[in-house]
Amino acid sequence: VQKQVVIVGLNHRSAPIEVRESVAFENSYVRDALTRLRDYPSIHEGVILSTCNRVEVIAAAPDVSAAFNDIAAFLAEQKAQRHAGALDEHMYKYQDAEAVRHLFRVAASLDSMVVGEPQILGQLKQYYDSAQQAGTVGAILHRLFHRSFSVAKRVRSETGIGSGAVSVSSVAVDLAKRIFDRFDDKTVMLIGAGKMGDLMARQLQSAGVETLMVTNRTFERAVALAESIHGNPIRYEDFPRYLIMADLVIGCASATELLVDAATVEKVLRERKQRAMFFIDIGDRRNFDSKINDLDNVYLYNIDDLKSVAEDNLQERANEAEKAEGIVGEEVENFLRWLSSLEQVPTIMALRRRFEEIRKGEMEKSLGGSLKDLSEAQRAALQDMTTAMINKMLHGPISQLKKNSSEEDDDSTLYAAALKKLFDLGDK
Amino acid sequence: MDAVLIKLIPIAYLVAAGGFFLYLFRGDTTTRMPATLLLSGFVIHSLALAVLFFQAGFATVAVMGDALLFNSWLMVGIYLLIQLKYRLAVLGGIIAPLAFLMTFAAIAVGGGAGEIPPGFQTFWLPLHVTLAFLGNAVFALAFGVSLIYLLQERHLKHKKMTLLMKRFPSLESLDRLNYKLLMWGFPLMTLGIVTGSLWAGIHWGDYWSWDPRQISSALAWAFYGVLLHGRITAGLRGKKAALMTMVGFCVVLGYFLWGDAVFPSRHGGRFE
């Protein structure tokens with residue numbers, strides 16, 4: 001019987017985080033889990049995928065409903081015993097086209113919490129590799145996963161799904177790149193030792209920034225943060241004097257009054273010979289005077305501005321996702337066509353076996369009877385000739401079967417049935 | 001043959017401009033198509049000019065009605081050179097339509113009228129024309145770069161992200177390129193004015209005759225001079241510098257297109 005693709009799992013939409021965590025597989029445990037999965041007789045091939053946002057078992061199985069039950073039981077076993085049973089309402093079960101589509105969408109990051117985030121593809125590859133090492137991957141999942149990787153690649157290159165920053169700090173870095181050409185000659189000043197500022201500073205460092213100044217009302221905290229990000233601590237009273245050196249100024253202090261006003265910036269700019277400055281205000285309260293943005297060669301973005309850019313980009317991604325769904329649809333069809341071509345394999349094998357049996361029987365009869373005086377070389381030649389005859393005769397029907405199963409109008413089942421009947425192939 | 005060739009030039013540039021617009025506004029991913037179109041336009045343009053030069057001589061063509069044809073050829077050529085180093089496909093979106101307008105105007109006005117009296121055909125004339133036009137071409141590019149700068153700056157100030165913005169280079173690199181172009185354009189323009197003045201001195205007897213073209217060139221030259229000085233000493237940069245660059249080019253271009261009609265000048269072919 002033909003194997004089908006089956007997926008049972010839960011993700012960020014179907015289950016709350018506590019439930020997802022309760023069934024999540026730890027990395028070191030995945031191999032054991034895979035062998036345990038293989039012990040279920042209904043599961044012929046299997047891959048476990050377990051990330052923060054989803055836990056899924058992707059399997060190839062001949063009996064879909066048995067596989068659904070077994071995987072559900074497998075996941076329930078993973079979950080702490082006392083909660084067992086509560087899992088069912090959070091699980092989704094896909095088979096056939098829906099299962100293939102689901103995996104392709106996951107790989108292309110269409111099913112992610114942040115649509116278009118790139119990490120999922122790497123995770124998928126990693127879990128596929130583990131399954132392959134554990135020996136639970138067969139022909140179907142091998143093909144399925146490799147197709148899903150190339151679907152992901154296609155979606156990434158043919159749509160803009162991964163473009164546009166969608167987090168506050170990456171939006172800020174993105175904007176900085178539109179103002180500045182390079183960062184290795186730029187200086188960043190970080191005012192306040194908040195967590196967001198720390199994150200932003202690190203992102204700018206990975207964009208190339210080498211010089212960082214850190215200041216805070218409590219000097220010790222500035223020193224501590226400066227140490228952890230390889231910056232230079234500055235006393236809070238002194239920071240206005242150092243503004244002239246700063247190309248990017250990040251404010252994340254929770255002060256009640258403004259840290260920098262427009263008049264100060266105007267003066268600083270004159271001293272800097274109008275070299276551009278980028279003020280990033282990510283504090284809960286406003287750190288910088290909003291009039292700063294009215295000055296030439298200065299750009300001020302506060303947290304709300306950054307969030308709104310991020311939201312616009314997310315919207316943009318949603319639009320691109322529609323294009324991506326089209327690509328996924330095409331690829332699902334391709335895969336299913338390949339899968340149905342597998343259905344012909346038993347028929348083809350049975351047909352070959354039947355002809356071979358006839359050939360062998362007749363050869364034995366003849367070589368034991370009227371042809372028993374032939375030399376070894378002549379016998380071998382006769383064997384070759386009859387084999388070649390069979391191959392030539394079967395070439396037409398077999399290639400027709402293979403071709404039919406890969407084409408749109410699908411007569412292959414009809415042909416297969418006819419062949420079975422005509423040559424008495426049986427069901428073995 | 002050359003008449004057909006000339007008419008092909010604006011068509012090629014128009015198609016190239018369309019290609020660049022697709023890249024800028026529709027999200028097409030490569031610039032190979034419009035860049036190739038622009039290059040083929042340039043090849044046709046070069047061929048047409050070569051034929052004209054061969055038939056009528058360099059000076060006649062470059063000075064008379066076909067001046068725009070020559071000037072736009074220099075502009076596209078310099079853009080293609082810049083394109084080799086900076087990947088500035090966005091600028092192509094400005095240069096291609098500008099090249100279309102200039103070549104179209106050149107054909108509409110009709111070129112090749114008039115003769116240069118033999119006495120005036122010394123080497124000063126082509127030298128003056130080439131230098132002055134090279135200056136113009138560089139400033140045309142600076143105009144384009146400035147326009148892109150202002151658009152990018154506006155987007156950043158108004159906090160609107162668009163596809164267009166993603167295509168633009170950073171403000172810093174645009175400003176730097178703008179400065180470089182000014183550093184090239186200003187000496188070229190200066191030499192253009194000096195050689196022109198010397199030529200005038202030799203043939204007309206006076207180096208300075210308050211000719212409208214002389215006046216407008218001097219105005220533009222002074223304007224660019226102030227800009228260059230401000231850039232070097234006073235940190236004049238960014239938006240203001242971009243605006244000034246654009247105004248300066250408008251003075252140059254404005255006179256080029258309409259000046260002769262409004263203020264008759266000895267540059268319009270009246271050599272006596």
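Note: hydrogens, waters and symmetry copies are ignored here, and every other heavy atom, side chains too, is used. Throughout, a chain's letter reflects where its sequence line sits, starting with A, and its residues are numbered from 1.
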With a 3.5 Å distance limit and no angle check, can you tell me whether [X] reaches the backbone of [Y] through a side-chain donor-acceptor pair?
X      : Y      : result
A/Y299 : B/E153 : no
B/K157 : A/D296 : no
A/K273 : B/R237 : no

For [X], does the [atom1] atom sit with more than 12 other heavy atoms under 6.0 Å from it, leaving out its own atoms?
X      : atom1 : result
B/K239 : NZ    : no
B/Y179 : OH    : yes
A/Q119 : CD    : yes
A/H146 : NE2   : yes

Output the distance between atom [atom1] ([X]) and atom [atom2] ([Y]), rounded to the nearest 0.5 Å.
X      : Y      : atom1 : atom2 : value
B/L156 : A/F278 : CG    : CZ    : 7.5 Å
B/D175 : A/I179 : CG    : CD1   : 13.0 Å
A/N293 : B/H158 : CG    : NE2   : 9.0 Å

Testing A/R182, A/K186, A/R178 for side-chain hydrogen bond (donor to acceptor under 3.5 Å, both in side chains) with B/E172, which one passes? A/K186
What residue, out of [options], has the most heavy-atom pairs lying under 4.5 Å from chain B?
options                        : value
A/L269, A/L300, A/N297         : A/N297
A/K177, A/R275, A/R270         : A/R275
A/V298, A/D312, A/N313, A/L306 : A/V298

Non-hydrogen atoms of chain B under 4.5 Å away: do they reach the side chain of A/D174, the backbone, both or neither? side chain
